[in-house]
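Below is one structure; the comments refer to it alone.
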Amino acid sequence: MMPVLGAILGLAGSIVPELIKIYKDRQDKKHELEILRLQMEMQAQGHQQRLEEIVVAADLRESESARQFAPVYKPEATGRWWYDLIMLLTYVFNSLVRPTITYLMVGIYMTVKYAQIKMAQTSGVNFLHALVEVWTENDTMLVFLVLTFWFGGRQIMRSIGRVK
């Protein structure tokens with residue numbers, strides 16, 4: 001009986017370390033796969049951040065190129081009154097186009113919002129409730145878009161030294 005028990009213990013003694021090795025090897029591989037997965041996620045995030053940087057740089061270049069496309073130069077006096085008058089009128093026109101279009105669009109927008117409020121009031125809603133009903137998230141985004149265009153662009157140009 002003892003020799004059989006010794007043989008079984010000897011066999012188990014040689015198998016148990018191998019089973020422990022296999023278990024440790026599986027755990028190590030599992031750990032390595034987890035590290036590899038985390039590294040791949042970090043690389044993907046790095047690529048995404050780089051892509052966002054490229055998009056922002058492209059937007060900035062596009063904005064700069066739009067401003068360089070039709071620069072407004074202040075006219076210099078040449079001594080020919082008719083030429084100087086034409087150049088001055090052209091300068092004034094160029095200086096007023098964007099603000100005039102902005103004022104027109106804001107006026108149209110306000111007219112539409114006023115009409116929406118009046119329509120809501122005809123259905124029995126008081127003014128403040130009608131105002132809250134017609135003002136949407138898109139309206140907020142539009143206001144911020146206009147403000148950013150007029151004031152944010154100047155700040156960017158000021159930071160890169162183009163505007164004082």
Side-chain angles (χ1 to χ4, degrees), residues 17-76 78 83 86-123 125-164:
E18 288 301 317
L19 291 175
I20 291 174
K21 255 193 222 180
I22 291 172
Y23 176 75
K24 281 179 115 182
D25 188 45
R26 287 179 110 189
Q27 291 298 99
D28 287 345
K29 287 181 181 177
K30 190 180 199 182
H31 181 69
E32 287 176 15
L33 283 174
E34 182 66 22
I35 289 174
L36 185 61
R37 186 182 62 78
L38 290 173
Q39 287 175 344
M40 289 173 56
E41 285 178 10
M42 291 298 290
Q43 277 185 337
Q45 286 177 354
H47 290 302
Q48 185 65 27
Q49 287 175 346
R50 179 67 184 135
L51 184 61
E52 289 173 7
E53 289 173 8
I54 290 170
V55 168
V56 168
D59 287 345
L60 185 60
R61 280 194 307 275
E62 180 182 0
S63 175
E64 287 176 357
S65 68
R67 293 179 191 275
Q68 291 173 355
F69 175 70
V72 178
Y73 297 109
K74 193 166 188 171
E76 301 285 330
T78 62
Y83 180 78
I86 291 172
M87 293 306 292
L88 181 64
L89 290 175
T90 303
Y91 173 72
V92 169
F93 178 74
N94 279 339
S95 299
L96 294 177
V97 168
R98 287 183 181 170
T100 303
I101 291 174
T102 303
Y103 290 137
L104 286 173
M105 293 306 296
V106 168
I108 292 169
Y109 182 75
M110 289 172 60
T111 304
V112 169
K113 284 299 171 184
Y114 178 76
Q116 288 176 341
I117 290 171
K118 282 300 180 186
M119 287 174 60
Q121 282 181 320
T122 58
S123 66
V125 178
N126 71 19
F127 177 76
L128 292 178
H129 287 288
L131 184 62
V132 170
E133 281 183 26
V134 300
W135 190 265
T136 64
E137 185 177 329
N138 292 336
D139 299 317
T140 304
M141 289 189 321
L142 181 66
V143 168
F144 283 123
L145 176 76
V146 170
L147 290 175
T148 303
F149 174 78
W150 281 110
F151 298 108
R154 290 187 58 80
Q155 188 62 33
I156 291 171
M157 297 298 276
R158 184 175 291 126
S159 68
I160 61 175
R162 295 259 174 111
V163 175
K164 292 193 180 201

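Along the sequence shown, residues are numbered consecutively beginning with 1.
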Does Tyr109 have more than 12 heavy atoms from other residues, nucleotides or ligands lying within 6.0 Å of its OH? yes

CD (Gln121) and CD1 (Ile117) are apart, to the nearest 0.5 Å, by 7.0 Å

What's the spacing between Tyr103 OH and Ile108 CD1 if we round to 0.5 Å? 15.0 Å

Contact summary for Val125 and Ala130, nearest pair of heavy atoms: CG1-N, 3.5 Å

Take a 6.0 Å sphere around CD of Gln27 and say whether it holds more than 12 heavy atoms from other residues, nucleotides or ligands. yes

With a 3.5 Å cut-off and no angle check, do the side chains of Lys113 and Gln116 form a donor-acceptor pair? yes

Dump the intermediate steps for side-chain contact (heavy atoms from CB on, under 4.5 Å) on Arg37 and Glu41, then the final yes or no. CA-CA 6 Å; Arg37 186 182 62 78; Glu41 285 178 10; 2.4 Å; yes

Could I get the full list of side chain to side chain donor-acceptor pair (under 3.5 Å) partners for Asp25, not counting sequence neighbours? Lys29

Side chains of Ile101 and Val97: does their closest heavy-atom pair fall under 4.5 Å? yes

Distance (rounded to the nearest 0.5 Å) between Gln49 CD and Met42 CE: 8.0 Å

Less than 4.5 Å apart, side chain to side chain, heavy atoms only: is that true for Tyr91 and Met87? no

Just how far is it from atom CG of Asn126 to atom CG of Leu131, taken to the nearest 0.5 Å? 10.0 Å

A side-chain contact here means heavy atoms from C-beta on lying under 4.5 Å apart; do Leu51 and His47 qualify? no

From CD (Gln39) to CD (Glu34), nearest 0.5 Å: 11.0 Å

Atom CG in Leu145, atom CG in Asn138: separation rounded to 0.5 Å? 11.5 Å

What's the verdict on side-chain contact (heavy atoms from CB on, under 4.5 Å) for Lys118 and Thr122, showing C-alpha distance, side-chain angles and the deciding distance? CA-CA 6 Å; Lys118 282 300 180 186; Thr122 58; 5.6 Å; no

